Amino acid sequence: MSENLSSFLGNAESIPKRVMPIFFLIDTSGSMEGKKIGAVNSAIEELIPDLRHLSESQADSEIKLSVLKFSTGCEWVTPALMSLDAFDDWEPLDANGLTDLGAAFLELNEKLSKNGFMDRGAASSGFYAPVILLLSDGEPTDDYLTALKKLQQNKWYQAALKIAIAIGEDANREVLKKAIRNVELLFTVNDIGSLKKIIRFIAVTSSQIASTSATVSEDSAEAPADVKDVRSTSAEHQMAEAAKVMLEEEKESAYSSIESTEESPEPMILGSDDSDDDDEWD
């Protein structure tokens with residue numbers, strides 16, 4: 001490993017791009033059936049060309065995507081961290097079953113490790129801290145707290161930019177708050193148009209922000225030792241500020257107003273009762 005890195009020092013053009021991983025954790029339980037999972041599928045299908053273009057435009061980093069679906073149990077839609085070029089066609093996800101969020105947390109913990117996705121096909125110059133995007137519309141049906149506590153010990157998870165989307169009013173926002181570090185990065189969407197818009201905004205903006213963060217070498221099984229999950233990162237603050245700007249720009253058509261304080265910020269709620277252009281879930 002050190003010999004390979006040394007050989008790169010004299011030839012900057014040969015240095016491989018760093019990997020910028022984006023992980024989607026998608027609720028595909030029965031309550032997501034119909035318009036909700038349809039909106040998620042449509043959003044990701046439309047998002048992939050945007051991320052591909054962004055990845056190709058970055059000189060020193062490559063975006064790679066991985067998708068984990070969870071319902072009764074969980075399953076990786078992608079066999080590994082995938083290059084955007086590998087997504088010629090997005091295979092639509094179906095929705096049925098329970099909401100085993102804990103199983104998804106345990107599976108993510110397994111893959112965010114030296115023996116998981118984070119060492120497969122790694123660039124010699126390492127990884128950027130991952131982006132983790134969790135989407136759910138309901139209540140967990142398994143022991144998610146025990147699984148989350150284990151996941152929170154994972155250094156990659158601690159270093160990650162973590163964002164959650166609560167889909168509809170029935171989503172348990174308190175559960176989703178526990179899975180992220182900064183409550184300002186919990187978004188609630190109340191209609192199809194808002195869901196599609198926020199998925200694209202989060203994925204593109206977070207990948208741009210995260211690609212400026214510190215990297216972790218391939219030969220390290222853990223993220224930097226000084227990263228603490230209780231402390232908001234600079235990337236999270238940047239993401240929250242970008243989201244506030246986006247809300248201000250879109251509030252007249254699709255977004256409700258948002259009030260927050262430094263001590264107790266409120267989750268961002270997207271979609272309003274006055275919106276005639278966006279379909280409701282039912």
Side-chain angles (χ1 to χ4, degrees), residues 1 4-5 8 14-26 40-41 43-70 74-91 93 104-105 107-135 151 154-163 165 199-224 227 233 235-236 239:
M1 176 67 184
N4 290 336
L5 285 175
F8 293 147
S14 66
I15 298 177
K17 289 185 175 184
R18 298 180 180 92
V19 176
M20 217 299 294
I22 300 179
F23 290 91
F24 276 88
L25 274 64
I26 301 176
V40 171
N41 283 320
I44 295 179
E45 184 176 20
E46 295 171 7
L47 171 66
I48 287 172
D50 292 335
L51 290 179
R52 183 183 296 122
H53 176 73
L54 178 61
S55 182
E56 291 172 350
S57 68
Q58 294 175 338
D60 61 351
S61 63
E62 177 187 6
I63 299 171
K64 289 193 175 184
L65 188 66
S66 192
V67 180
L68 176 66
K69 63 179 182 179
F70 62 95
C74 62
E75 180 183 357
W76 289 102
V77 177
T78 52
L81 277 169
M82 304 285 289
S83 168
L84 274 304
D85 292 334
F87 287 93
D88 294 328
D89 294 299
W90 172 252
E91 293 293 333
L93 302 176
F105 285 156
E107 183 65 21
L108 179 62
N109 179 64
E110 179 68 21
K111 297 306 181 185
L112 290 177
S113 67
K114 185 62 178 176
N115 296 320
F117 286 172
M118 303 304 283
D119 73 335
R120 297 181 183 179
S124 297
S125 49
F127 288 93
Y128 288 105
V131 174
I132 298 173
L133 178 55
L134 170 63
L135 299 87
L151 177 61
N154 186 298
K155 297 298 184 179
W156 281 108
Y157 187 78
Q158 292 176 13
L161 172 56
K162 298 181 282 291
I163 305 165
I165 298 178
I199 288 176
R200 182 188 182 280
F201 170 79
I202 289 173
V204 172
T205 306
S206 62
S207 62
Q208 292 171 325
I209 292 172
S211 66
T212 65
S213 64
T215 61
V216 182
S217 174
E218 178 190 6
D219 60 0
S220 173
E222 298 182 340
V227 174
T233 66
E236 287 173 340
M239 185 67 206

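Quick caveat, the model's predicted, so the values are computed rather than measured.
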Within this structure, what is the [atom1]-[atom2] distance for the pair [X] and [Y], rounded to the nearest 0.5 Å?
X: L108; Y: C74; atom1: CG; atom2: SG; result: 9.5 Å
X: L112; Y: K155; atom1: CG; atom2: NZ; result: 13.5 Å
X: Q208; Y: I63; atom1: CD; atom2: CD1; result: 8.0 Å
X: L161; Y: S207; atom1: CG; atom2: OG; result: 10.0 Å
X: L25; Y: F70; atom1: CG; atom2: CZ; result: 6.5 Å
X: L54; Y: L84; atom1: CG; atom2: CG; result: 8.5 Å

Pick from [options]: which one makes a side chain to side chain contact (heavy atoms under 4.5 Å, CB included) with [X]?
X: I22; options: I132, L47, L65; result: L65
X: I26; options: I44, V77, L68; result: I44
X: F23; options: V131, L81, V67; result: L81

Go through the structure and list residues passing ring-ring contact (aromatic ring centres under 6.0 Å, His included) with W76, not counting sequence neighbours.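 Per chain and number, W76 pairs via ring-ring contact (aromatic ring centres under 6.0 Å, His included) with F117.
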Least distance between heavy atoms, [X] atom then [Y] atom:
X: A203; Y: S206; result: O-OG, 3.3 Å
X: K17; Y: E56; result: NZ-O, 4.3 Å
X: S66; Y: A80; result: OG-O, 3.9 Å
X: A86; Y: M82; result: CB-CE, 3.6 Å

Taking the side chain as every heavy atom from C-beta outward, state whether [X] and [Y] have any atom pair closer than 4.5 Å.
X: T78; Y: K64; result: no
X: L134; Y: K162; result: no
X: I199; Y: L135; result: yes

Between Q58 and E62, is a side chain to side chain contact (heavy atoms under 4.5 Å, CB included) present by the stated rule, with each step listed? CA-CA 7 Å; Q58 294 175 338; E62 177 187 6; over 6 Å; no
Under 3.5 Å donor-acceptor, R18 side chain and Y128 backbone: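 No, because the side chain of R18 does not come within donor-acceptor range (under 3.5 Å) of the backbone of Y128.
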Test of understanding: with salt bridge (charged side-chain N to carboxylate O under 4.0 Å, His left out), list the residues that count as partners of E46, not counting sequence neighbours. K196
Please determine whether side chain to side chain contact (heavy atoms under 4.5 Å, CB included) holds for the pair M239 and I202, giving the CA-CA distance in whole Å, both sets of side-chain angles, and the decisive distance to 0.1 Å. CA-CA 8 Å; M239 185 67 206; I202 289 173; 4.0 Å; yes
Determine, step by step, whether L51 and V204 satisfy the side chain to side chain contact (heavy atoms under 4.5 Å, CB included) criterion, reporting the C-alpha distance in whole Å, the side-chain angles of both residues, the deciding distance to 0.1 Å, and the verdict. CA-CA 6 Å; L51 290 179; V204 172; 4.2 Å; yes
CZ of R200: more than 12 outside heavy atoms within 6.0 angstrom?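 No, the 6.0 Å shell around CZ holds no more than 12 heavy atoms from other groups.
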